[in-house]
There are 2 protein chains.
Amino acid sequence: MNAPVSAPALTKNQSLVFDVLTRSDAPMSAYTILDKLRDNGFRAPLQVYRALDKLLEFGMVHRLESLNAFVACAHPESECCGHGHGHGSVAFAICESCGHVSEFHDHEVDHRLSDWAKHKGFKPAKTTIEIRGLCSVCAA
Amino acid sequence: MNAPVSAPALTKNQSLVFDVLTRSDAPMSAYTILDKLRDNGFRAPLQVYRALDKLLEFGMVHRLESLNAFVACAHPESECCGHGHGHGSVAFAICESCGHVSEFHDHEVDHRLSDWAKHKGFKPAKTTIEIRGLCSVCAA
DNA sequence: CAATTGATGTAATAACATTACATATTAAAA
DNA sequence: TTTTAATATGTAATGTTATTACATCAATTG
Ligand SMILES: [Zn+2]
Ligand SMILES: [Zn+2]
Ligand SMILES: [Zn+2]
Ligand SMILES: [Zn+2]
């Protein structure tokens with residue numbers, strides 16, 4: 001069986017974490033999420049990390065490796081490659097000034113990397129593509 | 001002035017850190033490097049981080065964001081794009097079984113990401129591309 | 001020599017993440 | 001429906017990664 005295509009029923013903690021991330025306009029660290037959820041009964045980092053693990057598994061949240069932070073999936077609903085939520089690989093442009101993150105998918109990039117892997121006999125499990133820089137607003 | 005193209009003179013600490021990384025066949029965390037250099041008088045993380053900062057600036061070392069670890073530059077000396085050490089963007093294939101890392105440059109990937117950025121008015125500062133998976137040996 | 005600059009040493013603390021263990025809830029099986 | 005297994009949760013402690021703050025030392029330069 002594959003990853004769920006439509007949103008699975010979330011537990012209470014998963015919903016709380018997902019809602020906080022969805023409302024944020026910038027990536028959030030696990031500890032920032034924790035602070036936002038103190039009033040909802042969150043007390044320990046593990047409550048956040050456990051929820052995040054599931055949301056990552058569901059493809060509803062992404063981890064930004066270069067920031068140690070998390071964002072709600074904002075994958076444009078182009079059904080390219082049949083990716084709904086369980087999309088293949090995705091790239092992020094991260095503004096170092098305002099924190100805004102753009103999520104996008106580039107078919108050609110994906111294929112180039114896949115081809116390299118196939119040629120080398122490397123079996124990809126997960127690909128990270130992150131561009132740090134200045135968004136159009138902040139660069140102006 | 002641009003990043004130095006030939007290796008600048010390294011300080012003692014920078015040399016020690018670089019040598020340890022060069023000898024390693026897998027990425028090392030800053031604290032692992034620290035432990036390897038205890039006998040050379042290293043006592044505190046900052047000694048490692050300061051050396052790493054310079055080596056990163058010189059383009060002699062790369063940081064693997066998805067591992068929080070560092071590798072000596074192993075950029076194949078293809079002079080594509082005129083990249084010597086101060087190369088543009090580079091990609092890594094990281095084996096999750098044996099730890100081996102392959103560093104490579106894909107011109108086409110670079111251009112696709114640059115084009116996306118240009119189209120969006122995004123000014124890239126640094127690009128991270130990391131493929132986690134199994135190398136040909138471990139996948140066999 | 002004074003002043004600046006860059007490198008170093010050390011301690012303390014901050015930020016990010018996991019392990020271990022106990023308890024509760026839910027869903028499937030008997 | 002009772003038993004059992006699986007999943008979710010609560011809490012504390014600890015482990016790992018990175019930075020701040022401050023003092024010292026060495027080389028350069030005016
Ligand atoms: Zn997404
Ligand atoms: Zn911005
Ligand atoms: Zn390199
Ligand atoms: Zn391997």
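No experiment lies behind these values; they were computed from the predicted model shown. Quick note on labels: first sequence line is chain A, next is B, and so on, each numbered from 1.
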What is the distance from [atom1] of [X] to [atom2] of [N], rounded to the nearest Å?
X: B:E57; N: C:dA7; atom1: CD; atom2: C1'; value: 13 Å
X: A:K12; N: C:dT26; atom1: NZ; atom2: P; value: 12 Å
X: A:I33; N: C:dA17; atom1: CD1; atom2: P; value: 10 Å
X: A:M28; N: C:dC16; atom1: CE; atom2: P; value: 12 Å
X: B:L67; N: D:dA18; atom1: CG; atom2: C1'; value: 16 Å
X: A:N13; N: D:dT7; atom1: CG; atom2: P; value: 17 Å
X: A:Q14; N: D:dT9; atom1: CD; atom2: C1'; value: 11 Å

Query - Charged N-O contact under 4.0 Å between A:E108 and B:R112 - result: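 No.
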Query raised in the report: Below 4.0 angstrom, N of the basic side chain to O of the carboxylate: do A:R63 and A:E65 qualify?
Result: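 Yes, charged N to carboxylate O under 4.0 Å.
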Query - Student check: side-chain heavy atoms of A:T127 and B:E130 closer than 4.5 Å - result: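 A:T127 vs B:E130: side chains apart.
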Report task. Kindly indicate whether the side chain of B:L52, heavy atoms from C-beta on, has any atom under 4.5 Å from the side chain of B:V61. Result -> yes
Query raised in the report: By a strict heavy-atom criterion of less than 4.0 Å, which residues belonging to residues 34-55 of chain A are in contact with DNA chain C?
Result: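 Within residues 34-55 of chain A, the residues near DNA chain C are A:L46, A:Y49.
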Report task. For C:dT8, take OP1 and OP2 only and decide whether either is under 4.0 Å from a side-chain N or O of B:T11. Result -> yes
Query raised in the report: Any side-chain N or O of A:N68 under 4.0 Å from OP1/OP2 of D:dA18?
Result: no
Requested in this report: Indicate, yes or no, whether a donor-acceptor pair under 3.5 Å links the base of C:dA14 to the side chain of A:Y31.
Outcome: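 Flag unset: no donor-acceptor pair detected.
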Requested in this report: Return yes if some donor-acceptor pair links the side-chain N/O of A:S114 with the main-chain N/O of A:D110 below 3.5 Å, else return no.
Outcome: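 Here the side-chain-to-backbone pair exists.
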Report task. Applying side-chain contact (heavy atoms from CB on, under 4.5 Å) between B:L16 and each of B:I33, B:V48, B:L10, B:L37, report the one that passes. Result ->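 It is B:L37; the other options fail the test.
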